[in-house]
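Working notes, beginning with the structure itself.
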Amino acid sequence: MQCNVEKRFPRKIAALASIFAFTENFFAEHKIGTAHAFTMNFVIEELFTNMVKYNPENGREISLELEVAAGGLVVRLTDYDVEPFDMTRTPPVDTTLPLEDRRVGGLGIHLVKSMVDRVDYEHVNGESRVTVFKSLEKEDV
Amino acid sequence: MFEARLSGENEVALTGRFDASQVERARVVFDALNKTTRVNFKDLEYISSAGLGVLIATQKRLTDSGAKLTLSNLTGHVKDIFYYAGFDKIFEIE
(Lines give C-alpha, C1' and ligand atoms only; values in the text may rest on other atoms or scores of the structure.)
Protein backbone atom coordinates (compact mmCIF):
# COMPACT_ATOMS: atom_id res chain seq x y z
CA MET A 1 0.00 0.00 0.00
CA GLN A 2 1.29 3.44 -0.85
CA CYS A 3 -0.41 6.61 0.35
CA ASN A 4 0.79 10.12 -0.09
CA VAL A 5 -0.61 13.47 1.06
CA GLU A 6 0.82 16.96 0.68
CA LYS A 7 -0.10 20.29 2.22
CA ARG A 8 1.58 23.69 2.35
CA PHE A 9 1.88 25.74 5.53
CA PRO A 10 2.66 29.40 6.17
CA ARG A 11 6.20 30.19 7.26
CA LYS A 12 5.50 30.90 10.92
CA ILE A 13 5.89 28.99 14.16
CA ALA A 14 2.18 29.45 14.86
CA ALA A 15 1.50 27.10 11.92
CA LEU A 16 2.55 24.16 14.14
CA ALA A 17 -1.00 23.69 15.43
CA SER A 18 -2.38 23.19 11.93
CA ILE A 19 0.60 21.01 11.00
CA PHE A 20 -0.09 18.70 13.95
CA ALA A 21 -3.79 18.57 13.09
CA PHE A 22 -2.78 17.47 9.58
CA THR A 23 -0.29 14.83 10.78
CA GLU A 24 -2.55 13.42 13.50
CA ASN A 25 -5.29 12.92 10.95
CA PHE A 26 -2.87 11.07 8.67
CA PHE A 27 -1.50 8.93 11.51
CA ALA A 28 -5.01 7.97 12.64
CA GLU A 29 -6.10 7.14 9.12
CA HIS A 30 -3.08 4.85 8.63
CA LYS A 31 -3.16 3.39 12.15
CA ILE A 32 0.31 4.63 13.00
CA GLY A 33 1.23 3.82 16.64
CA THR A 34 1.78 6.50 19.24
CA ALA A 35 5.56 6.06 19.40
CA HIS A 36 6.04 6.56 15.66
CA ALA A 37 3.51 9.40 15.64
CA PHE A 38 5.38 11.14 18.48
CA THR A 39 8.70 10.70 16.70
CA MET A 40 7.46 11.99 13.36
CA ASN A 41 5.72 15.01 14.92
CA PHE A 42 9.00 15.79 16.67
CA VAL A 43 10.93 15.41 13.39
CA ILE A 44 8.48 17.58 11.44
CA GLU A 45 8.53 20.32 14.06
CA GLU A 46 12.34 20.44 14.14
CA LEU A 47 12.69 20.55 10.35
CA PHE A 48 9.85 23.04 9.86
CA THR A 49 11.02 25.44 12.58
CA ASN A 50 14.56 25.31 11.16
CA MET A 51 13.25 26.35 7.75
CA VAL A 52 11.27 29.18 9.35
CA LYS A 53 14.25 30.39 11.42
CA TYR A 54 16.79 30.36 8.60
CA ASN A 55 14.59 32.10 6.02
CA PRO A 56 12.15 34.24 8.00
CA GLU A 57 11.64 36.83 5.23
CA ASN A 58 10.79 34.34 2.50
CA GLY A 59 7.11 34.72 1.60
CA ARG A 60 6.70 31.21 0.19
CA GLU A 61 4.84 28.53 2.08
CA ILE A 62 6.61 25.31 3.12
CA SER A 63 5.45 21.99 1.73
CA LEU A 64 4.94 18.95 3.96
CA GLU A 65 4.42 15.52 2.41
CA LEU A 66 3.57 12.35 4.34
CA GLU A 67 3.78 8.92 2.86
CA VAL A 68 3.47 5.32 3.99
CA ALA A 69 5.74 3.28 1.74
CA ALA A 70 8.30 0.47 1.79
CA GLY A 71 7.49 -0.59 5.36
CA GLY A 72 7.98 2.86 6.76
CA LEU A 73 6.88 6.44 7.10
CA VAL A 74 8.34 9.04 4.78
CA VAL A 75 8.23 12.73 5.66
CA ARG A 76 9.38 15.31 3.15
CA LEU A 77 9.64 19.05 3.71
CA THR A 78 10.36 21.36 0.80
CA ASP A 79 11.35 25.00 1.06
CA TYR A 80 11.31 27.28 -2.01
CA ASP A 81 13.57 30.09 -3.28
CA VAL A 82 16.24 29.42 -0.65
CA GLU A 83 20.01 29.08 -0.47
CA PRO A 84 21.36 25.60 0.24
CA PHE A 85 21.49 24.66 3.90
CA ASP A 86 22.17 21.00 4.50
CA MET A 87 20.96 20.43 8.03
CA THR A 88 22.03 16.79 7.81
CA ARG A 89 25.65 17.99 7.95
CA THR A 90 25.33 19.85 11.23
CA PRO A 91 27.85 18.55 13.77
CA PRO A 92 26.71 16.03 16.39
CA VAL A 93 25.90 17.27 19.89
CA ASP A 94 27.76 15.70 22.79
CA THR A 95 24.87 14.77 25.09
CA THR A 96 27.26 13.57 27.80
CA LEU A 97 28.63 17.06 28.55
CA PRO A 98 27.99 18.59 31.98
CA LEU A 99 25.47 21.44 32.30
CA GLU A 100 28.06 24.24 32.15
CA ASP A 101 29.27 23.02 28.76
CA ARG A 102 25.86 22.38 27.22
CA ARG A 103 24.42 24.82 24.69
CA VAL A 104 20.78 25.86 24.97
CA GLY A 105 20.12 25.28 21.25
CA GLY A 106 21.35 22.94 18.55
CA LEU A 107 19.80 19.80 19.96
CA GLY A 108 16.83 19.40 17.60
CA ILE A 109 18.52 18.23 14.41
CA HIS A 110 20.86 16.00 16.41
CA LEU A 111 17.84 14.28 17.96
CA VAL A 112 16.11 13.98 14.59
CA LYS A 113 19.13 12.15 13.17
CA SER A 114 19.23 9.77 16.14
CA MET A 115 15.50 8.99 16.06
CA VAL A 116 14.98 8.02 12.41
CA ASP A 117 16.53 5.54 10.00
CA ARG A 118 17.52 7.94 7.27
CA VAL A 119 17.71 11.69 6.54
CA ASP A 120 18.45 12.92 2.99
CA TYR A 121 18.94 16.47 1.79
CA GLU A 122 18.92 17.89 -1.71
CA HIS A 123 18.94 21.40 -3.16
CA VAL A 124 17.70 21.69 -6.71
CA ASN A 125 16.68 24.85 -8.60
CA GLY A 126 16.43 26.87 -5.42
CA GLU A 127 14.40 24.25 -3.58
CA SER A 128 15.67 22.69 -0.37
CA ARG A 129 14.17 19.28 0.27
CA VAL A 130 14.65 17.15 3.39
CA THR A 131 13.37 13.56 3.27
CA VAL A 132 13.18 11.41 6.38
CA PHE A 133 12.48 7.69 6.52
CA LYS A 134 11.39 5.86 9.67
CA SER A 135 10.81 2.11 9.59
CA LEU A 136 7.49 0.97 11.01
CA GLU A 137 8.83 -2.48 11.83
CA LYS A 138 9.74 -1.76 15.43
CA GLU A 139 7.57 0.30 17.74
CA ASP A 140 10.07 2.51 19.50
CA VAL A 141 11.26 6.11 19.50
CA MET B 1 -3.41 23.11 24.52
CA PHE B 2 -0.29 23.81 26.55
CA GLU B 3 -0.14 25.13 30.07
CA ALA B 4 2.69 25.78 32.51
CA ARG B 5 1.43 26.78 35.95
CA LEU B 6 2.58 26.95 39.54
CA SER B 7 0.89 23.99 41.17
CA GLY B 8 1.97 24.20 44.76
CA GLU B 9 5.01 25.20 46.72
CA ASN B 10 8.01 25.08 44.43
CA GLU B 11 6.31 23.05 41.73
CA VAL B 12 5.45 23.79 38.12
CA ALA B 13 2.97 21.51 36.35
CA LEU B 14 3.15 21.14 32.57
CA THR B 15 0.08 20.11 30.59
CA GLY B 16 -0.51 19.34 26.93
CA ARG B 17 1.95 19.88 24.09
CA PHE B 18 5.12 21.90 24.65
CA ASP B 19 6.16 22.84 21.11
CA ALA B 20 8.01 25.84 19.69
CA SER B 21 4.83 27.93 19.57
CA GLN B 22 4.51 27.69 23.38
CA VAL B 23 7.98 28.88 24.37
CA GLU B 24 6.98 32.44 25.28
CA ARG B 25 4.09 31.19 27.41
CA ALA B 26 6.43 28.81 29.27
CA ARG B 27 9.09 31.47 29.76
CA VAL B 28 6.69 33.67 31.69
CA VAL B 29 6.59 30.95 34.35
CA PHE B 30 10.14 29.59 34.19
CA ASP B 31 11.87 33.00 34.09
CA ALA B 32 10.13 33.91 37.37
CA LEU B 33 11.56 30.92 39.26
CA ASN B 34 14.35 31.71 41.69
CA LYS B 35 14.65 28.63 43.90
CA THR B 36 14.77 24.87 43.54
CA THR B 37 11.59 23.78 41.78
CA ARG B 38 10.08 20.46 40.79
CA VAL B 39 8.67 20.28 37.26
CA ASN B 40 5.76 17.86 37.09
CA PHE B 41 5.40 16.17 33.68
CA LYS B 42 2.45 13.97 34.57
CA ASP B 43 0.10 15.58 32.05
CA LEU B 44 2.61 16.56 29.38
CA GLU B 45 1.94 14.73 26.10
CA TYR B 46 4.70 16.11 23.88
CA ILE B 47 7.90 18.16 24.03
CA SER B 48 10.26 19.32 21.29
CA SER B 49 13.77 20.76 21.40
CA ALA B 50 12.21 24.20 21.93
CA GLY B 51 10.76 22.99 25.23
CA LEU B 52 14.04 21.31 26.17
CA GLY B 53 15.74 24.66 25.50
CA VAL B 54 13.54 26.44 28.05
CA LEU B 55 14.40 23.81 30.66
CA ILE B 56 18.15 23.85 30.07
CA ALA B 57 18.28 27.68 30.03
CA THR B 58 16.40 27.73 33.35
CA GLN B 59 18.66 25.05 34.80
CA LYS B 60 21.76 27.05 33.88
CA ARG B 61 20.33 30.25 35.41
CA LEU B 62 19.19 28.56 38.64
CA THR B 63 22.40 26.58 39.06
CA ASP B 64 24.37 29.82 39.00
CA SER B 65 22.50 30.86 42.14
CA GLY B 66 22.73 27.48 43.89
CA ALA B 67 19.21 26.28 43.00
CA LYS B 68 17.99 23.79 40.37
CA LEU B 69 15.06 22.21 38.56
CA THR B 70 14.14 18.62 39.32
CA LEU B 71 11.92 16.61 36.97
CA SER B 72 9.11 14.34 38.13
CA ASN B 73 6.57 11.96 36.60
CA LEU B 74 8.35 11.65 33.28
CA THR B 75 6.75 8.86 31.31
CA GLY B 76 6.50 7.35 27.85
CA HIS B 77 7.82 9.13 24.80
CA VAL B 78 8.52 12.37 26.67
CA LYS B 79 10.82 10.45 29.01
CA ASP B 80 12.57 8.83 26.03
CA ILE B 81 13.34 12.28 24.58
CA PHE B 82 14.99 13.33 27.84
CA TYR B 83 17.27 10.32 27.79
CA TYR B 84 18.08 10.79 24.10
CA ALA B 85 19.06 14.37 24.91
CA GLY B 86 21.25 13.28 27.83
CA PHE B 87 19.12 15.32 30.22
CA ASP B 88 19.34 12.55 32.82
CA LYS B 89 22.93 13.74 33.32
CA ILE B 90 22.07 17.39 33.92
CA PHE B 91 18.72 17.08 35.75
CA GLU B 92 17.71 15.09 38.77
CA ILE B 93 14.87 12.87 37.57
CA GLU B 94 12.57 11.60 40.31
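Side-chain atoms are counted along with the backbone in the values below, which use heavy atoms only and exclude waters and symmetry mates. Every chain is numbered from 1 and lettered A, B, ... according to where its sequence line falls, protein lines coming before strand lines.
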Can you say whether A:L16 sits under 4.5 Å from chain B via the side chain, the backbone, both, or neither, judging by heavy atoms? side chain
Please classify the contact of B:K60 with chain A as side chain, backbone, both or neither, using a heavy-atom distance under 4.5 Å. both
Okay, A:I109 and chain B: the region with an atom under 4.5 Å from a heavy atom over there is neither
With a 4.5 angstrom heavy-atom cut-off, which part of B:Q22 approaches chain A: side chain, backbone, both or neither? neither
Part of A:N41 lying under 4.5 Å from any heavy atom of chain B: both
Contact between A:L111 and B:L52 at the side-chain level, heavy atoms closer than 4.5 Å - yes or no? yes
The interface call for A:F48 against chain B, heavy-atom contacts under 4.5 Å, is neither
I'd like to know which of A:T49, A:V112, A:T96, A:L97 tops the heavy-atom pair count under 4.5 Å against chain B. A:T96
Would A:F38 and B:I81 count as a side chain to side chain contact (heavy atoms under 4.5 Å, CB included) if you check the C-alpha gap in whole Å, the side-chain angles of each, and the deciding distance to 0.1 Å? CA-CA 10 Å; A:F38 186 103; B:I81 290 291; 3.5 Å; yes
For the pair A:E45 (side chain) and B:A20 (backbone), establish whether a donor and an acceptor sit closer than 3.5 Å, ignoring hydrogens and angles. yes
Derivation of the side chain to side chain contact (heavy atoms under 4.5 Å, CB included) call for A:F42 and B:I47: CA-CA 8 Å; A:F42 186 98; B:I47 191 166; 5.9 Å; no
Parallel under 30°, tilted from 30 to 60°, perpendicular over 60°: which one fits the rings of B:Y46 and A:F20? perpendicular
What are the two closest non-hydrogen atoms of A:R102 and B:I90, and how far apart are they? NH1-CD1, 4.0 Å
Closest approach of A:E46 to B:S49 (non-hydrogen atoms, all atoms of both residues): OE1-OG, 2.6 Å
Quick one: which of B:R17, B:Q59, B:K89 has the most heavy-atom pairs under 4.5 Å with chain A, could you say? B:R17
B:V54, part contacting chain A, at a heavy-atom distance under 4.5 Å: neither
